[in-house]
Amino acid sequence: MTVLKVTELQAALKARLEPVLAGEGPEGEDIPVLTKVLDDAAQIHVRIDGWSVHQGAGGAGRFDKYAFMVHVFCEESAAASDEIIDPEAESLRVQNLVINALDDWRPLNGEGLIEHIRTTEGAEESPGVYHGVSRFEATTEGS
């Protein structure tokens with residue numbers, strides 16, 4: 001049941017973030033929400049990953065705790081046609097949209113709230129790329 005919940009939670013998170021990030025990219029483009037690494041990802045994109053599960057937290061079968069990360073990647077300019085943007089400012093702006101959309105939200109049939117734990121950000125090794133990551137936790141009924 002735990003792996004199934006990860007799949008359900010991931011789908012719910014993606015469905016929650018896609019409308020929030022619609023039209024928020026450069027030139028009013030949608031910011032894609034990914035669940036795996038892509039080599040040709042958009043100039044600004046969000047990725048949900050880094051899942052960990054603590055099954056039976058608080059006593060066997062009482063509740064399961066899921067931790068996950070939401071990454072925001074932003075390149076100054078990924079291709080000649082991309083708008084030149086400030087990757088730090090855009091990454092922080094998009095991270096705030098993600099945090100506001102997920103923090104204190106009940107993703108699955110009214111089960112436990114998602115809680116924002118912390119956010120970090122910084123330049124990547126690649127020049128002109130900025131990466132922010134927010135850590136969240138969610139609880140569900142135990143399995």
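What you see below is based on every heavy atom in this structure, not just the backbone, and it leaves out hydrogens, waters and symmetry mates. None of the values given here were measured: they were computed from a predicted structure.
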Calculate, to the nearest 0.5 Å, the distance between atoms [atom1] and [atom2] belonging to [X] and [Y] respectively.
{"X": "W105", "Y": "L113", "atom1": "CH2", "atom2": "CG", "answer": "11.0 Å"}
{"X": "R118", "Y": "M69", "atom1": "CZ", "atom2": "CE", "answer": "9.5 Å"}
{"X": "L17", "Y": "E24", "atom1": "CG", "atom2": "CD", "answer": "12.0 Å"}
{"X": "R106", "Y": "T139", "atom1": "CZ", "atom2": "OG1", "answer": "8.0 Å"}
{"X": "H71", "Y": "I48", "atom1": "NE2", "atom2": "CD1", "answer": "10.0 Å"}
{"X": "I85", "Y": "E27", "atom1": "CD1", "atom2": "CD", "answer": "10.0 Å"}

I want to check something: taking the side chain as every heavy atom from C-beta on, are [X] and [Y] in contact at a cut-off of under 4.5 Å?
{"X": "D30", "Y": "L21", "value": "no"}
{"X": "L38", "Y": "K36", "value": "yes"}
{"X": "C74", "Y": "V94", "value": "no"}
{"X": "S134", "Y": "H116", "value": "yes"}
{"X": "D86", "Y": "Y130", "value": "no"}
{"X": "V70", "Y": "V46", "value": "yes"}
{"X": "L13", "Y": "F68", "value": "yes"}
{"X": "E115", "Y": "D104", "value": "no"}

Ignoring hydrogens and angles, tell me if any N or O in the side chain of Q43 forms a donor-acceptor pair with the backbone of E75 under 3.5 Å. yes
Transitively linked via ILVMFWY side-chain contacts under 4.5 Å: [X] with [Y]?
{"X": "V72", "Y": "W51", "result": "yes"}
{"X": "L102", "Y": "V6", "result": "yes"}
{"X": "L34", "Y": "V98", "result": "no"}
{"X": "V33", "Y": "V133", "result": "no"}
{"X": "L92", "Y": "I99", "result": "no"}

Please evaluate residues T35 and R47 with respect to the criterion side chain to side chain contact (heavy atoms under 4.5 Å, CB included), reporting the C-alpha separation (whole Å), side-chain torsions for both, the decisive distance (0.1 Å), and the verdict. CA-CA 5 Å; T35 57; R47 188 176 73 225; over 6 Å; no
Taking all heavy atoms of P32 and all of A42, pick out the closest pair and write down the distance. CG-CB, 3.6 Å
For the pair F73 and H131, name the ring-plane relationship: parallel under 30°, tilted 30 to 60°, perpendicular over 60°. parallel
After noting the C-alpha distance and the side-chain angles of Y66 and L9, does the key distance pass the side chain to side chain contact (heavy atoms under 4.5 Å, CB included) rule? CA-CA 9 Å; Y66 296 81; L9 281 167; 3.7 Å; yes
